[in-house]
Amino acid sequence: MIDLGRLRALHAVASYKTVLAAGQALHCTPSAVSQQLAKLERETGATLVEKDGRGLRLTEAGQVLARHAERVLATVDEAEAALAAHRDTVTGRLTVAAFATACRALMPWALHRLASEHPQLATGLIEVNPHEGLEALHRGHVDLAVLDDWPEVALRYPAGIAHVELGWDVADLIVPSGHRLTGTTTLAKCRDERWIASKMGDICHEWLVRVQPGVQPDFHVVEFETQLTLIAAGLGVAVIPRLARPALPEGVRVVRLTPEPRRRIVVAWREAAAARPAIKAAEQALRSAWAQHR
């Protein structure tokens, strides 16, 4: 019988290409991954991986077994979810991946509610961008993902991932207090402004350069709070979602945009784990957190 842990090692190597990356994903040493692969090759009587530069490449036999491993691991997820549903108790561990604004604005409330209502549930939180969160969810490294999804740069949900919408978060143009723009404007009228944006690769940066072709931001800043301080210093303007700014500092002003830029706030999980009571409890806690914030 093929050992499940060794299948996980093969699946991780197939996903991440190197023993080091596979070990990080599985929270074990590269040596442990190599040992699992060696045992799996002896167990199956087949060569499953071969060196490819600094990484590894699956042989044809390895590719065949890796495809089956993905299905087997999904089935194990389903079995664990069904067993948890049968117990009808919110227990175990639930790890959530969430984008930065959700970590600050939604997760404290949601995690506090889970801790209060379900003391037998252990929770964890990882702050990542939505692309990373979706990948971590798909590969089984987290149980739930809270994502921001802009229609103009929409996320692509892999097969086997379910998601529901918490709501829509509107974004506004934030300008220095003495700026020429007031009231309502359009993005087209802001094209020649000096822009402050999220760092390259973040979905908010992708959205800005998509809706403002040719714009080259002068400042690339991760935290929206820092963007606000730069705006207050008169260094530029930025489009900032309302969820990311519960309070505005002195020295800045809101200018409404028409049409309103909006992003969907989404909760996603693996379909195979949908029956887990912890997944349902977390979704309810996040809906409560969203209602509190609105």
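Everything numeric here is computed off the predicted structure, so don't read it as measured data.
Environment of CZ in Arg93: crowded, with over 12 heavy atoms of neighbouring residues, nucleotides or ligands closer than 6.0 Å. Within 6.0 Å of CZ in Arg210 there are 12 or fewer heavy atoms belonging to other residues, nucleotides or ligands. Atom CD of Glu78 sits in a crowded spot, with more than 12 heavy atoms from other residues, nucleotides or ligands closer than 6.0 Å. Counting non-hydrogen atoms of neighbouring residues, nucleotides and ligands closer than 6.0 angstrom, the CD atom of Glu50 exceeds 12 such neighbours.
For the residue pair Gln35/Ser31, the side-chain donor-acceptor check at 3.5 Å is satisfied. Using a 3.5 Å distance cut-off with no hydrogens or angles, the side chains of Arg71 and His68 do pair a donor with an acceptor.
Looking only at distances, no side-chain donor or acceptor of Arg194 sits under 3.5 Å from a matching main-chain atom of Asp218. Within the 3.5 Å criterion, the main-chain N or O of Cys190 finds a donor-acceptor partner in the side chain of Trp195. The backbone N or O of Leu26 lies less than 3.5 Å from no partner atom in the side chain of Arg8, so there is not a single donor-acceptor pair.
Cation-pi contact between Arg139 and Tyr16: present, with separation from the ring centre below 6.0 Å and deviation from the ring axis of at most 45°.
Both Leu121 and Leu106 belong to a single network of hydrophobic side chains, linked directly or stepwise wherever heavy atoms of I, L, V, M, F, W or Y lie under 4.5 Å apart. Residues Leu111 and Val267 share a hydrophobic cluster, clusters being chains of Ile/Leu/Val/Met/Phe/Trp/Tyr side chains in contact below 4.5 Å.
In this structure, the side chains of Leu73 and Leu4 come closer than 4.5 Å at one or more pairs of heavy atoms.
A salt bridge (charged side-chain N to carboxylate O under 4.0 Å, His left out) with Glu165 holds for exactly one of Arg287, Arg264, Arg263; it is Arg264.
Between Lys39 and Glu43 there is no salt bridge, since no side-chain N of the basic residue sits under 4.0 Å from a carboxylate O of the acidic one.
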Practice problem: May I have the step-by-step check of side-chain contact (heavy atoms from CB on, under 4.5 Å) for Leu48 and Leu37, ending in yes or no? | Solution: CA-CA 8 Å; Leu48 302 174; Leu37 292 176; 5.9 Å; no
